[in-house]
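Shown next, in structure tokens, is the structure this report addresses.
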Amino acid sequence: MAGIGFELNKLARRDDLVGIAGAYLHSAFAIAGPWLFTVVALAFTTYMYGGSTSEELLNFRGVIVYNFSFSLVLSAPVYMVMTRYLADQIHVKNVTSTPTVMLESMIMVFGMNILVAIFFYAIYFEMPIELRLAAFANMFLIAGVWLLGVYLTALKDFSAVTWTFIIGMIIAVLAAEYLGDGKAAGMVAGYNIGLSVIVFMLAGRIFAEYPYRLTTDFAIKPFWAKYWELGVCGLFYNGALWIDKWIMWYAPEAVQLPSKMRFFPDYDSAMFLSAMSILPSLALFVFAIETNFFNHYRRFYGNILAHASLRRIREFHKLIMDAIVEGGRSVMLLQGVIAFLLILLAPQIFERLHIFFLQLGIFRLGVLGSFFQVLILFTTIILSYFDCRKANMWIFIFYFTSNTILTLVFMKMGYAFYGYGFFLASALSFFLSAAILFAHVRKLPYHAFITNNNSVKVPKMKTSADYHEDHGEFQLGVNHLTPSQVK
């Protein structure tokens with residue numbers, strides 16, 4: 001992830017506002033390209049079809065929201081493990097298997113989504129056949145974009161990536177307008193065309209960057225055994241972000257369409273709008289804060305590898321702690337100011353966007369929840385640098401569980417309490433993650449020399465990266481030898 005920040009800093013070296021603004025724009029698309037695409041394209045399409053029959057428009061929005069949420073949660077385990085695989089291969093300077101693994105992981109993602117897609121669009125929902133087919137294709141296209149986003153860290157061509165999403169958005173909106181004719185099937189089909197452009201442009205860019213032969217080796221398989229916690233992290237973190245919405249679709253005020261799709265427009269729109277508030281802080285984190293932390297992180301471990309004195313190691317340990325505190329303060333300050341302004345100006349924003357004032361309370365709680373969500377991301381990403389996979393896994397399981405329980409509790413208390421579940425779950429999860437982070441960082445030299453020291457562990461060489469780190473050599477593909485056989 002730090003590679004994104006370093007490349008974006010190069011783009012900002014024009015030493016003018018245009019260069020800096022461009023770097024932040026690229027940062028936003030690198031972090032949340034699929035999310036931005038969905039929100040912007042959905043908003044424009046909804047605006048243009050404001051005069052169409054409400055049921056068709058709601059069916060269109062329902063398909064996009066269902067596919068966006070379920071494909072994200074179901075695809076997350078694959079792209080989390082895939083991210084680690086790609087990082088390890090770049091580390092050992094062997095990316096020859098990248099095209100093969102991309103196709104393998106794409107098949108896995110489609111396999112994880114197909115049962116849900118069949119249940120929704122072949123069995124449960126009552127829709128015309130043309131809408132069923134368009135919705136079915138839409139789910140796989142969105143899932144494909146989630147996975148291809150993993151390669152953004154490796155491509156480093158952020159200008160091309162940004163323009164890919166912008167072109168896809170424009171095509172999606174225009175195609176939905178042209179094909180829609182007030183019908184949900186046409187709108188979804190137009191949306192699919194824009195998504196297809198993004199998928200094929202990104203895939204083509206990846207194959208051009210990695211022009212290697214396809215093989216039959218299932219190279220990513222050993223990584224599932226070694227990094228299974230990352231898959232669990234992806235499932236529960238993204239599930240935590242959506243579980244309150246899924247539960248609220250069964251609130252007394254929720255809507256069920258004749259197609260059997262359920263959603264709660266008041267809650268969904270308020271929460272989606274509040275979620276957009278985290279983009280500036282995420283861009284700041286990737287663009288500036290993470291790169292500063294990574295420089296100190298690299299020097300700390302570099303000095304350990306160079307057998308530096310304990311005094312010097314402690315100096316860099318202090319610099320790491322200072323970088324974490326400074327970065328956390330910067331994220332908290334920026335997101336705090338954004339949250340304060342949004343809460344204060346919420347009536348004016350709602351009036352301009354023609355949103356019902358009844359949703360003000362949900363929106364404000366969503367903004368507060370998003371404030372803590374950004375801080376959760378900050379702490380857990382830092383923990384990931386120290387390879388605290390199990391700690392992150394339990395943090396996200398707690399986040400998912402607490403959001404589920406608290407949303408159910410407050411849903412029964414009535415409309416005035418909607419949103420408290422997400423807000424309190426995010427706050428509690430942040431306090432838990434912050435406590436774990438600072439407990440770990442406080443004893444970082446001990447963890448570096450003892451708990452995370454491979455020399456005091458029995459080597460388990462399941463991947464080529466393990467072989468490289470343990471023996472100082474590199475072997476193409478996956479290493480299937482046991483330690484005794486290597487000796």
Side-chain angles (χ1 to χ4, degrees), residues 21 24-25 27-28 31-32 35-36 38-40 43 237-238 240-245 248 264 266-290 324-382 395-396 398-400 402-403 406-407 410 415-435 437-438:
Y24 275 100
L25 177 65
S27 178
I31 300 163
W35 179 31
L36 284 173
T38 299
V39 171
V40 174
Y237 172 69
N238 290 286
L241 298 183
W242 278 98
I243 189 64
D244 59 306
K245 286 82 173 173
M248 293 305 296
F264 188 1
D266 287 1
Y267 189 87
D268 293 345
S269 57
M271 282 296 180
F272 292 163
L273 187 61
S274 65
M276 295 290 287
S277 67
I278 72 174
L279 271 177
S281 295
L282 288 179
L284 173 69
F285 178 75
V286 170
F287 178 59
I289 295 172
E290 189 178 21
I324 292 173
V325 172
E326 181 185 347
R329 184 171 60 240
S330 298
V331 171
M332 192 176 294
L333 180 63
L334 176 60
Q335 192 62 33
V337 170
I338 293 172
F340 174 78
L341 291 175
L342 288 176
I343 290 172
L344 185 67
L345 300 175
Q348 289 85 348
I349 295 171
F350 274 41
E351 186 175 359
R352 288 292 181 89
L353 297 178
H354 305 290
I355 301 175
F356 294 117
F357 280 84
L358 194 64
Q359 301 169 250
L360 268 175
I362 299 173
F363 172 73
R364 284 169 169 162
L365 289 170
V367 168
L368 291 174
S370 296
F371 170 79
F372 288 107
Q373 181 195 340
V374 168
L375 297 177
I376 292 169
L377 279 173
F378 173 81
T379 53
T380 53
I381 289 174
I382 299 299
I395 289 168
F396 294 140
F398 175 81
Y399 193 12
F400 176 85
S402 59
N403 198 8
L406 290 171
T407 300
F410 286 108
Y415 196 100
F417 294 90
Y418 293 170
Y420 274 101
F422 173 69
F423 160 56
L424 292 176
S426 298
L428 292 172
S429 299
F430 162 66
F431 294 134
L432 174 64
S433 64
L437 173 62
F438 284 105

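Keep in mind it's a predicted model, so treat the numbers as computed, not measured.
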Check whether any side-chain heavy atom of [X] lies under 4.5 Å from a side-chain heavy atom of [Y], and answer yes or no.
X: S274; Y: L342; value: no
X: Q373; Y: I278; value: yes
X: T407; Y: Y418; value: no
X: F423; Y: F371; value: no
X: I395; Y: Y237; value: no

- Query: Does NZ or CZ of K245 lie under 6.0 Å from the centre of the six-membered ring of F422, at an angle within 45° of the ring axis?
  - Reply: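 Output yes; distance and angle both within limits.
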- Between F264 and Y415, how do the two ring planes meet: parallel, tilted or perpendicular, split at 30° and 60°?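 Judged by the thresholds at 30° and 60°, the geometry between F264 and Y415 is perpendicular.
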Are there more than 12 heavy atoms of other residues, nucleotides or ligands under 6.0 Å from atom [atom1] of [X]?
X: F356; atom1: CZ; value: no
X: Q348; atom1: CD; value: yes
X: F410; atom1: CZ; value: yes

- Aromatic ring centroids of Y399 and F396 under 6.0 Å?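 No, the ring of Y399 stays outside the 6.0 Å limit from the ring of F396, centre to centre.
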- Are the ring centres of F350 and F363 closer than 6.0 Å?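 Judged by ring-centre distance (under 6.0 Å), F350 and F363 do meet the cut-off.
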- Might you work through the side chain to side chain contact (heavy atoms under 4.5 Å, CB included) test for F430 and S433, ending with a clear yes or no? CA-CA 5 Å; F430 162 66; S433 64; 4.1 Å; yes
- Using atom types as modelled and distance alone, determine if a side-chain donor or acceptor of N403 lies under 3.5 Å from a backbone N or O of A240.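 Here the side-chain-to-backbone pair exists.
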- Query: Can you check whether S426's main-chain N or O pairs, donor with acceptor, with S429's side chain at less than 3.5 Å?
  - Reply: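 Side chain of S429 to backbone of S426, a donor-acceptor pair under 3.5 Å: no, none is there.
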